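Bear in mind the structure is a predicted one, so any value in this text is a computation, not a measurement. Chain letters run A, B, ... following the sequence lines, proteins first, then strands; residues in each count from 1.
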Protein chains: 2
Amino acid sequence: MARISDPAKLENIKKATVSMIVEKGYGGASISAIAAKAGVADGYLYRHYPSKTELVRDLFSESTAMFFDYLQKELEHYTTFTDFITRYHRGLVDLINEKTDHAKFFIQLINDFTFEIDETAKQSILDLCHRTLERGQRDHEIPATCSSLDIYTVMVIVPLQIFSLYLKGFFGKITPDGKTAAMVTHTCLKLIRPS
Amino acid sequence: MARISDPAKLENIKKATVSMIVEKGYGGASISAIAAKAGVADGYLYRHYPSKTELVRDLFSESTAMFFDYLQKELEHYTTFTDFITRYHRGLVDLINEKTDHAKFFIQLINDFTFEIDETAKQSILDLCHRTLERGQRDHEIPATCSSLDIYTVMVIVPLQIFSLYLKGFFGKITPDGKTAAMVTHTCLKLIRPS
DNA sequence: TAATAATAAGTGAGTATTCATTCATTAACA
DNA sequence: TGTTAATGAATGAATACTCACTTATTATTA
């Protein structure tokens, strides 16, 4: 009945926002700069989001969901914990290399004290860690000395922070690869399954 | 010969900047708001720093140095790795509780892709990890399978990220304490010294 | 089929406000 | 008095957001 909205435009806005924030930070990513990068008029952002804060908050939720979805998808192929965590770290590297800006955006905001993580997302991931721990312990693959927080450490903290070091160029201009993933897995398995 | 400068004023500026950035983020922490909080005129900041960016960059360097100094001070009392890491985590909790805003500021900026860490500070900490690893291996306390990055993980990544979860209220309104430190140490020791 | 009415997509100049920064001025001390 | 600390009004650029408007598309009529 009327003009068709171009889905690419909204997608461009999202991409532009993410990359501008990673490049310039929240304050440095102005609406006009984002709109210009997205090839869209300034005002058009406000047809989709009520404010800049809400735009970023939404994208952060999307990022969180994307991360969580990947985690959950990998868990579907769970056979043993060792196998799972190996695949998971490996796939995480691919995901990060494929969507580097999204990964940086997520890591940056997760450590920002002005942005709070979704309460439901938080509960979901804590729950998921708990269930993974129980399964591993039932199969006698994870010792009783391990806690949910240990699982969170090897699933979230250690991989994200180590891959982030690479993204920040801490070790020079190297991007994380299969070798990096294997190294992270090795470190994490020592934590979970002291040999 | 002339009027004496009040050292408390500069200190107030630093404190106000740190707390405003933690509370509102870099963009939200305006010069006038910082100056007001510090009880100082807007223009006075520019007697000490050429720009807002430089002010924050300097404070970040100071934070990094403070963290590094604490780490180095603890290393002076090194007897065994186990003892060291236990004391170190325990002291880190105290430091974080004592200077919560500084800790948040440091954690936030270390994960910000627009702020780069000092090259010399980076080298120093990598070097320190390497030396700690070698000492631990010489004493047969740390197995040969461990890497410098493992040391970095138990010295920086895991404690900072887990304490940060507490600061963000991830587990409710609990502040990290001796028990939290012991838990982190336990997790980290499993990683380093698989029993 | 051709003309037009109706609807939603998309624009971008305009607004009030806030921003970082400057500098002429004043206050406090030697 | 001479020197420096410290002030805060002034400035112009930039900010987030608004809204009256244009443009593309479809439905409905003649």
Run the side-chain donor-acceptor check on residues 54-63 of chain A: report pairs under 3.5 Å with partners two or more places apart or on a different chain.
| residue | atom | partner | partner atom | Å |
| --- | --- | --- | --- | --- |
| A:S61 | OG | A:R57 | O | 3.4 |
| A:E62 | OE2 | A:K14 | NZ | 3.0 |

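- Judged as a side-chain contact (heavy atoms from CB on, under 4.5 Å), and not counting sequence neighbours, the contacts of B:A8 are B:D6.
- What separates CD1 of B:I13 from P of D:dA5 is a distance of 13 Å, to the nearest Å.
- Legend: residues meeting salt bridge (charged side-chain N to carboxylate O under 4.0 Å, His left out) with A:E116, ordered by chain and number and at least two apart, are absent.
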Restricting both atoms to N or O, compile the protein contacts to nucleotides 7-13 of chain D shorter than 3.5 Å, with distance only.
| residue | atom | partner | partner atom | Å |
| --- | --- | --- | --- | --- |
| D:dT7 | OP2 | B:A41 | N | 3.1 |

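- Across the protein-nucleic acid pair, B:D6 atom CG and C:dC29 atom P stand 10 Å apart, rounded to whole Å.
- Remark: P of D:dA16 and CD1 of A:I34 are 8 Å apart, rounded to the nearest angstrom.
- Atom pair A:I4:CD1 and C:dT7:C1' shows a separation of 13 Å (rounding to whole Å applied).
- Residue contacts for A:I31: at a heavy-atom cut-off of 4.0 Å it reaches the sugar-phosphate backbone alone, with no base atom in range.
- For residues 123-151 of chain B, the set of pairs meeting the ring pair (Phe, Tyr, Trp, His ring centres under 6.0 Å) definition, not counting sequence neighbours, is empty.
- When rounded to the nearest whole Å, the span between OH of A:Y46 and P of D:dA16 equals 6 Å.
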Name each donor-acceptor pair under 3.5 Å that joins a side chain in residues 159-170 of chain A to protein atoms two or more places apart or in another chain, with its distance.
| residue | atom | partner | partner atom | Å |
| --- | --- | --- | --- | --- |
| A:K168 | NZ | B:I110 | O | 2.8 |

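- A salt bridge is defined here as a Lys NZ or Arg NE, NH1 or NH2 lying under 4.0 Å from an Asp or Glu carboxylate O, and B:R131 with B:E134 fails to meet this definition.
- Looking at the side chain of B:K52, the nearest of the listed nucleotides C:dT21, D:dC17, D:dT15 is C:dT21.
- The residues A:D83 and A:R87 are annotated as salt-bridged, a charged nitrogen and a carboxylate oxygen being separated by less than 4.0 angstrom.
- Within residues 20-30 of chain A, no residue has a heavy atom under 4.0 Å from DNA chain C.
- Map A:P50 and A:S32 each onto its nearest nucleotide of DNA chain D; the residue landing nearer the 5' end is A:S32.
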Which atom pairs, one a donor and one an acceptor, fall under 3.5 Å between side chains of residues 94-102 of chain A and the rest of the protein, sequence neighbours left out?
| residue | atom | partner | partner atom | Å |
| --- | --- | --- | --- | --- |
| A:D94 | OD1 | A:R90 | NH2 | 2.7 |
| A:N97 | ND2 | A:V93 | O | 3.4 |
| A:N97 | ND2 | A:P176 | O | 2.8 |
| A:T100 | OG1 | A:I96 | O | 3.0 |
| A:T100 | OG1 | A:N97 | O | 3.3 |

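- In terms of the side-chain hydrogen bond (donor to acceptor under 3.5 Å, both in side chains) criterion, residue partners of A:T185 (sequence neighbours excluded) are, by chain and number, A:H89.
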